**Student:** 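Right, I'll just put the structure down here and ask away after.
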Amino acid sequence: MAHFTKATSVKDWLNQRLAVEKLEKVMASEYWIPKNINFLWAMGMVLVITFVLLLVSGIFLLMYYVPTTAEAFNSVNYTIMREVDFGWLWRHVHGVAASVVFLIIYIHMFTGIYYGSYKKGREMIWISGMLLFVAFSAEAFSGYMLPWGQMSYWAGMVITNLFSGGSLHADGLVEWIRGDYVPAQAFLGRFFMLHVLLIPVAILGLIGLHFGALRIPHVNNQDGEEIDFDAEAKKYLDGDKAGSKVMRFANDFMSKDMMVVGVYLVFFFYLVFYNYGFAMDPVNFDPADGLKTPTHIYPEWYFLWSYEILRPFNIDLGLILFAFAQVIFVLLPFLDRSPNAIPANRRGKAFAIWFWLMLANMIVLTAMGKLPPAGIFSQIGLVSAILFVVQWIALPFITAREKKV
Amino acid sequence: MKENSRRGFMGKAFGAVAGVGAIGSLVAMKKTWDPLPSVKAAGFTTLDMSIYQEGVMVTEKWRGKPIFVLKQTAEMLANAKKNPKDIERLVEVDGSHYMVCIGLCTHLGCIPAFREAKNDFKCACHGGEFTASGNVQKVPPPRGFDIPPFKIDGGKLVLGEVGPEWQSMKDNGVTL
């Protein structure tokens with residue numbers, strides 16, 4: 001056993017047992033962040049805060065929600081919304097945060113793509129981040145089932161049908177996933193479990209991995225400059241704070257981070273109090289009815305781009321391209337063959353065009369996914385979906401030809 | 001060396017125990033997710049075919065899924081007879097012809113709506129269309145409506161039970 005002495009203070013007592021001072025240094029005051037960054041680097045903290053909002057509001061919703069097909073709808077729309085004091089607040093916070101979290105994730109992702117933050121040792125940050133995206137998607141989908149409204153039911157029907165694999169007709173697999181021929185009690189029960197336990201646990205683990213993946217390569221900067229963090233940290237600690245290229249994570253960088261979080265929270269609660277409607281689909285205020293499909297079934301806005309890649313094709317090709325769209329972002333660090341890890345606009349014309357076209361095309365796909373599949377919108381959707389696939393196939397070729405800048 | 005081989009043996013012994021346990025628990029987990037016996041037992045529906053009127057689309061329910069029953073009018077039947085792909089899908093009970101189908105789009109499972117003016121079905125989700133006998137008239141659906149297993153019992157139709165007429169439809173690839 002290590003040698004313990006009589007503690008001189010509470011801090012000393014804790015220090016001897018938990019090394020809190022060392023921990024504080026490793027996690028905060030001597031965790032070094034480059035100075036050459038902008039507000040887009042605060043999106044990680046914005047996501048952490050949004051996740052906390054989801055967790056806290058979820059805990060309060062969980063106390064009154066009843067996961068049975070007979071009572072789920074009323075427990076949300078009557079008990080939580082009308083009977084529970086401030087129940088509406090938790091529901092609207094949860095709904096708005098579930099939607100906004102994807103907006104921030106997309107900003108966070110495209111920031112990473114733009115600045116090349118998935119290259120040169122940062123591959124695991126990117127991969128763990130994309131795994132988080134998958135886990136958040138599963139969390140969003142399973143949560144969408146719980147109010148057991150018309151959109152819950154029909155989204156559950158359509159998405160579980162994807163697992164029949166088109167012409168493979170794996171109907172047994174679909175029935176196994178549902179625990180019934182159609183979404184019913186068994187289905188609601190297991191998606192409730194996934195939403196409140198299994199997927200959140202996976203998310204917490206992945207967040208740990210995502211943060212851990214950041215420790216060794218460190219945070220990227222606006223110029224993609226390779227910084228010798230040990231040397232710069234030494235310079236800082238020796239007193240040359242202005243000359244050093246890095247600063248402490250806490251409280252120095254955190255103060256900037258939390259400034260952005262503050263602005264974000266004002267926007268967030270403006271949505272929660274005055275403009276929550278976008279996160280509450282009116283169709284889902286009709287109770288689930290297995291014998292009546294709503295006129296238009298569309299996913300929430302954050303899934304529209306991949307839904308639009310599924311839609312214009314026959315079922316098998318649609319499913320293959322949908323699967324392609326789901327996994328292709330994960331492979332980005334390996335598809336980008338360029339030696340450059342600098343902002344997209346400085347990597348030469350080809351990649352700059354690729355980046356802005358990808359961003360614009362995903363916005364177009366999102367818009368088309370919302371519109372009914374008819375006339376000119378069908379055709380725009382088809383062209384956009386093909387363009388998306390072509391861009392990804394072209395990526396290794398255009399980046400391999402890129403010259404070292 | 002002796003130590004190492006002992007540790008190696010212990011490692012392998014634990015691996016064997018853990019492997020058996022892991023396979024056992026996977027089996028239990030898989031079976032726990034299976035549809036319950038009560039769910040499977042409730043899978044039969046009997047339809048009295050004499051109550052349907054020609055040209056009126058009625059939605060019944062079987063295994064939680066909508067079942068489209070459309071007694072064919074003389075005009076629909078005449079149309080269906082022109083195409084062997086259409087006529088082979090119809091069920092004949094007491095001299096009348098019926099379309100009896102699972103009313104879910106074969107694309108991704110939405111319920112198409114019956115359009116009386118055109119005597120066809122249109123799916124709102126992805127724009128698929130079906131004829132009055134249940135065949136595809138516009139993609140994305142990959143095939144016509146599925147026909148539930150049925151057995152003709154006098155003037156009645158038992159859904160969920162396999163009769164010779166349905167078996168021959170299945171064998172001839174009319175339905176899955």
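Note that the structure is predicted; figures quoted are calculated from it, not measured. Letters go in sequence order (proteins before strands), and every chain restarts at 1.
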**Student:** Please classify the contact between A/Tyr298 and chain B as side chain, backbone, both or neither, with a heavy-atom cut-off of under 4.5 Å.
**Tutor:**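 It is neither, since no heavy atom gets under 4.5 Å.
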**Student:** Is it true that, when you exclude A/Tyr78 itself, more than 12 heavy atoms of the residues, nucleotides or ligands shown sit nearer than 6.0 Å to its OH?
**Tutor:**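 No, the 6.0 Å shell around OH holds no more than 12 heavy atoms from other groups.
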**Student:** Please determine whether the number of non-hydrogen atoms from other residues, nucleotides or ligands lying under 6.0 Å from atom NZ of B/Lys138 exceeds 12.
**Tutor:**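 Yes.
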**Student:** Any chance NZ of B/Lys122 has more than 12 other-residue heavy atoms, nucleotides or ligands included, within less than 6.0 Å?
**Tutor:**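 Yes, the 6.0 Å shell around NZ holds more than 12 heavy atoms from other groups.
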**Student:** Report the relative orientation of the aromatic rings in B/Trp33 and A/Trp176; use parallel for angles under 30°, tilted for 30 to 60°, perpendicular for over 60°.
**Tutor:**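 B/Trp33 and A/Trp176: tilted rings.
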**Student:** Counting only non-hydrogen atoms closer than 4.5 Å, does A/Pro312 touch chain B with its backbone (N, CA, C, O), its side chain (CB onward), both, or neither?
**Tutor:**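 Neither part.
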**Student:** Step through the shown structure and confirm whether more than 12 heavy atoms of other residues, nucleotides or ligands are within 6.0 Å of NZ on B/Lys30.
**Tutor:**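 Counting neighbours around NZ of B/Lys30, more than 12 heavy atoms of other residues, nucleotides or ligands fall under 6.0 Å, so yes.
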**Student:** Hey, is CD on B/Glu75 packed in by over 12 heavy atoms from elsewhere, all under 6.0 Å?
**Tutor:**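 No.
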**Student:** Using a cut-off of under 4.5 Å for heavy-atom pairs, which of B/Val39, B/Leu104, B/Thr106 has the most such pairs with chain A?
**Tutor:**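 The residue among B/Val39, B/Leu104, B/Thr106 with the greatest pair count is B/Val39.
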**Student:** Rounded to the nearest 0.5 Å, what separation is found between the OG1 atom of B/Thr32 and the CZ atom of A/Arg190?
**Tutor:**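 Here the rounded value is 9.0 Å.
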**Student:** Minimum heavy-atom separation for A/Trp154 and B/Cys110, please, with both atom names.
**Tutor:**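 Smallest interatomic distance, heavy atoms only, reads CZ3-CA, 3.9 Å.
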**Student:** Who in residues 94-102 of chain B is close to chain A, using a strict under-4.5 Å heavy-atom cut-off?
**Tutor:**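 Interface residues of residues 94-102 of chain B: none, nothing closer than 4.5 Å to chain A.
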**Student:** To the nearest 0.5 Å, what is the distance between CE on A/Met157 and NZ on B/Lys65?
**Tutor:**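 So the gap between those two atoms works out to 7.5 Å.
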**Student:** Between A/Phe187 and chain B, with a heavy-atom cut-off of 4.5 Å, which part of the residue counts as in contact: side chain, backbone, both or neither?
**Tutor:**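 Neither; nothing under 4.5 Å.
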**Student:** Heavy-atom pairs under 4.5 Å with chain B are the metric here; pick the option from A/Gly318, A/Ala186, A/Gly290 that has the most.
**Tutor:**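 Of the options given, most contacts go to A/Gly290.
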**Student:** Identify which part of A/Phe163 has an atom lying under 4.5 Å from any heavy atom of chain B, answering side chain, backbone, both or neither.
**Tutor:**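 The answer is neither part of A/Phe163.
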